[in-house]
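Working notes, beginning with the structure itself.
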4 protein chains.
Amino acid sequence: MRNRTAERRVQLVRAAHHVFSSRGYRNTGVSDIVKEAGVSHGTFYNYFDNKRHILDEVLDTGVDFILDAVVAGDEPDDASTADELAAQFRTILTRVFDLVEREPALVQFILLDAPAIDDESLQRLLRLVRTFGATASAFLANGVRRGFLQSDLDTEVAGEGLLSLIISAILTGVRGVTPAERERVIESFVGFAMHGVR
Amino acid sequence: MRNRTAERRVQLVRAAHHVFSSRGYRNTGVSDIVKEAGVSHGTFYNYFDNKRHILDEVLDTGVDFILDAVVAGDEPDDASTADELAAQFRTILTRVFDLVEREPALVQFILLDAPAIDDESLQRLLRLVRTFGATASAFLANGVRRGFLQSDLDTEVAGEGLLSLIISAILTGVRGVTPAERERVIESFVGFAMHGVR
Amino acid sequence: MRNRTAERRVQLVRAAHHVFSSRGYRNTGVSDIVKEAGVSHGTFYNYFDNKRHILDEVLDTGVDFILDAVVAGDEPDDASTADELAAQFRTILTRVFDLVEREPALVQFILLDAPAIDDESLQRLLRLVRTFGATASAFLANGVRRGFLQSDLDTEVAGEGLLSLIISAILTGVRGVTPAERERVIESFVGFAMHGVR
Amino acid sequence: MRNRTAERRVQLVRAAHHVFSSRGYRNTGVSDIVKEAGVSHGTFYNYFDNKRHILDEVLDTGVDFILDAVVAGDEPDDASTADELAAQFRTILTRVFDLVEREPALVQFILLDAPAIDDESLQRLLRLVRTFGATASAFLANGVRRGFLQSDLDTEVAGEGLLSLIISAILTGVRGVTPAERERVIESFVGFAMHGVR
DNA sequence: AATGAATGAGTCTTCATTCAT
DNA sequence: AATGAATGAAGACTCATTCAT
């Protein structure tokens, strides 16, 4: 039983994720979710208190998926030179573009739709952003510790700077880019992150 | 007459702006707008075809307000040295924080709520973003022309990088910062923009 | 003044007639009437208590127009033989088709729209119908008196029979007919009226 | 389930029929229908997409009912003499009066209200009329074939003539008649149909 | 007499949620 | 656990009518 119900839950979350991504949360009715999942209205309410409740789970799932796809396996202390750090950043940007290409609806939903739903969802997203930012800061802190970045670098704020570039890249990707443009953005952003505009 | 109706229009747009900002577009009924404006349902529809229609006007007003507040009077070719460019960027970041402090609801509405309403509003916002990005690029292009920035700088993409820092600053501001944090973010972002993480 | 206001009234009734005929009473707003007449809402209510009120006048006008167009100048005792009666009936049918051809919207409004508006308008139309029926009966009574119709003819009910043929012709005309069809219907109906199906 | 929902549907159509007949389509709100049926607003929209949609069903039901009540079981080729044809026509007129007596609201709604609602409903009614007309023509064509009606009779147009007498009888019935008047109308119409005014 | 801005009751329709089966 | 019919509050929009100017 435990298993059956767990599967049902997953099935519903997946269905919700799917319809939310394609139509947006507000334009999606519970009836769309249950139709997609192939179950009845009543069943839905056996598993979730309300429509808002399943959103939380969809968001968590989506956020986890994005985190996995972008920072998977990268360790902040892998880099021991500035070039290696640049390479890491390049890798991340590449993964970001890959993700957007593969799952544009998901990304658009998490980034553009979800923040506007209500304060709860906004906070949930901001938490994701902060996680990302902290990760970025950790990469920089490693550089400072190892001495290949200036010691007076404000790693925390600069981490947010890096993050904002990543998000900018996502938005660029969402609106669709050619492979050439993509390379250009990646290289320019790596350059910008490492040396600024000079 | 001309005057009375023009005032009514403004009054309604202001009321709509206010309730949209505090409750969000989707959670705001026409009844909320007219209650706020102190007029009747019918009057609303004498001035706007529908709820969507007044949003356009609120958005335009808001976008204009933001553009005015942030880039007012700054000319791309005012700067003739890198330090002057940095100063310009510092000024803009300062204004951004000022704006967010004065009108947090407006900024939150335009940046977080509006993009999610529908495609039309998203496009309207993207236009704003592109305007901002182009302005940033113009500042950089001026630096390249004058020789105080590297000649191989991709001004277009780097402009988007600058812009993403500005937006990041806005988001930081939205969640509320002390004057000290604010200064720290500004300085770090100016440093990051000029020299990168190195 | 008396004159000016009388003209205004006529102007409004004409405008109302026009828009009622083309859009139907229910689908016509007071705003359509005043737009057509080129006056303001307030003015309308200076001349008519409400929308329903102007309909009465439009209906009277329309009914008079139709009566004029169809029975104008025909006197029940003009005929002194059955053939002359048949000729009269033929003339009336011809006029009916002419009227429908010239003013299809008016006819359709009076016959199809007006009866359904409310009981008052239905009664008004039924009065028209009864007037028509009585006229038809008078023609037949003349024939009985003069001896060229059977003395036991129920002129009243048979008058209604004639009338129903006229209305049938109108409906045929409303849906559009070629000149040939029109002649065929007229001749058949004259034959039917004079000799029945035999 | 199948049964429950089918019943609900019927219940709603019946309720709609009832309130449409007494108040007219335009003056009836969905709220009147659901009040009459004793269900909620939402339930209505579970069964019909909109108010217009249930009208179609009410109309179809009503039209079928009328057809059944008036032409049930009569076969065009039952008659082999003129007298038998006259008897058939008498039967139909009798049934028409019976129908109008039993269901005056229904008849009034279908004949006076429905045509004015919109073009769709007008067309639906015209189809009914044409069906009736074609039936009448078939009766006459049978007479011509069998030789008891003149061979040069225009059965099509004369059929419309018969039909118009039937409709005239309906209208007479709608305004209420005594049994004596009723007999008189029937006999006169049969006479008129068979021999004309002569 | 004319104007037209303002009114607000009334209408259709949607959809998250409940509950009897 | 599952079903899906039923609910009803809430929302957008219309339009005949009024009234201050």
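Letters A, B, ... are given to chains in the order of the sequence lines, protein chains preceding strands, and every chain is numbered from 1.
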Subject >> Where at least one partner belongs to residues 20-29 of chain D, residue pairs that pass side-chain hydrogen bond (donor to acceptor under 3.5 Å, both in side chains), sequence neighbours excluded >> reply: C/R26-D/N27, C/N27-D/R26
Original post:
Parallel, tilted or perpendicular: which describes the rings of B/H41 and B/Y45, with under 30° parallel and over 60° perpendicular?
Top reply: parallel
Subject >> Residues C/E36, C/R14: salt bridge by 4.0 Å N-O rule >> reply: no
Subject >> 5' priority, DNA chain E, between C/R8 and D/D32 [closest heavy atom] >> reply: C/R8
Original post:
When you measure from the side chain of B/Q108 to the backbone N and O of B/V174, does any donor-acceptor pair fall under 3.5 Å?
Top reply: no
Original post:
Does any donor atom in the side chain of B/S121 or B/D118 lie under 3.5 Å from an acceptor atom in the other side chain?
Top reply: yes
**OP:** Rounded to the nearest angstrom, tell me the gap between atom CZ in B/R9 and atom C1' in E/dA5.
**Re:** 14 Å
Original post:
Start at the 5' end of DNA chain F and walk down; is the nucleotide closest to C/N27 or to B/G29 reached first?
Top reply: B/G29
**OP:** Tell me the stems DNA chain E sits in, counting at least three consecutive Watson-Crick or G-U wobble pairs, each under 3.5 Å on both distances.
**Re:** E:2-21 with F:2-21
Original post:
Rounded to whole angstrom units, what separation is found between the CD atom of B/E7 and the P atom of E/dA6?
Top reply: 11 Å
Original post:
For the side chain of C/D64 and the backbone of C/T61, is there at least one donor-acceptor N/O pair under 3.5 Å apart?
Top reply: no
**OP:** Report yes if some heavy atom in the side chain of A/F48 is under 4.5 Å from a heavy atom in the side chain of A/E57; otherwise report no.
**Re:** yes
Subject >> No-hydrogen, no-angle side-chain donor-acceptor test under 3.5 Å, D/N46 and D/T43 >> reply: no
**OP:** Using the closest heavy atom to pick a nucleotide of DNA chain F for each, name whichever of C/R26 or B/Y25 lands nearer the 5' end.
**Re:** B/Y25
**OP:** Could you identify which residues of residues 35-57 of chain B place a heavy atom less than 4.0 Å from some atom of DNA chain F, listed by residue number, or say none?
**Re:** B/H41, B/G42, B/Y45, B/N50, B/K51
